[in-house]
Amino acid sequence: MPGERILIIEDEVKIARFVELELQYEGYSVEQEHDGRIGLERATAGSYDLIILDVMLPSLNGMEILRRLRQSSETPVIMLTAKDEITDKVMGLDIGADDYMTKPFAIEELLARIRSALKRKKAPAQGCKTLAIGPLEIDPDKHSVTFNKQEVDLTKKEYDLLKYLVENKNIAITREQVLEKVWGYDYCGDTNVVDVYIRYLRSKLDDRYNTKLIHTVRGVGYILKYE
Ligand code: CA
């Protein structure tokens, strides 16, 4: 929707300027910042609808900015990473980035991901009743997850993924379905991020509580069941 406010934190002035112009052309209200530390201050103080955040920045890197920002803000963040920063990419998602783009990227793709992140932000929480499978319970109102009444600490994306799995318990779902429903768009081919998140959830649930909720369905994807 036109007028939504976007902050770009990117020290490569050419890229920042290019993205700014494209976003302005789409009707967004855009600001840019080239320094990491000042970027964090602006991100924290300003009321932005979305933040585009580069990883490698002077004075404070993007990962640290994201980590600190997430202590007080749920503003959608799309990270920009270089090709050789795969680990950063995964780490960024783990500490609460909504999405990432690998540089160089097509501006159309960035625009699509921005629209998608903004749409998710606005989507009202659906369903108010508690979701459960076995000893696992999700309270969508409180955004909380418990196992045997013990609080389970999940990142935003882990929570979204788990919620989707519980809503579809006892049904085999494909990685593509997960990407579409949890990440909100068709990822062309790269479904690795789903496996990465399934690993996070397994370690926080199956391994930690010595149970088996998340099952791999060979050639299909995953199924959540409790026996
Ligand atoms: Ca940079």
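Atoms within each ligand, like the ligands themselves, are counted from 1 in listed order.
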*Taking only residues two or more places apart in sequence, or in another chain, which ones meet Y222 in a ring pair (Phe, Tyr, Trp, His ring centres under 6.0 Å)?*
none

*Where at least one partner belongs to residues 209-220, residue pairs that pass side chain to side chain donor-acceptor pair (under 3.5 Å), sequence neighbours excluded*: R202-T216

Donor-acceptor pairs under 3.5 angstrom involving side-chain atoms of residues 13-24: please list them, not counting sequence neighbours.
| unit_1 | atom_1 | unit_2 | atom_2 | d |
| --- | --- | --- | --- | --- |
| R17 | NH1 | E20 | OE1 | 2.5 |
| E20 | OE1 | Q32 | NE2 | 2.7 |

*What about V166 and Y226, same hydrophobic cluster or not, with Ile/Leu/Val/Met/Phe/Trp/Tyr joined at side-chain heavy-atom distances under 4.5 Å?*
yes

*Kindly state whether the ring of W183 and the ring of Y197 have centres lying under 6.0 angstrom apart.*
yes

*asked:* Students often mix this up, so state it plainly: with edges at 30° and 60°, are the rings of H143 and Y159 parallel, tilted or perpendicular?
replied: parallel

*Which N, O or S atoms belonging to the protein are less than 3.0 Å from the Ca ion (ligand 1)?*
D11 OD1, D54 OD2, M56 O

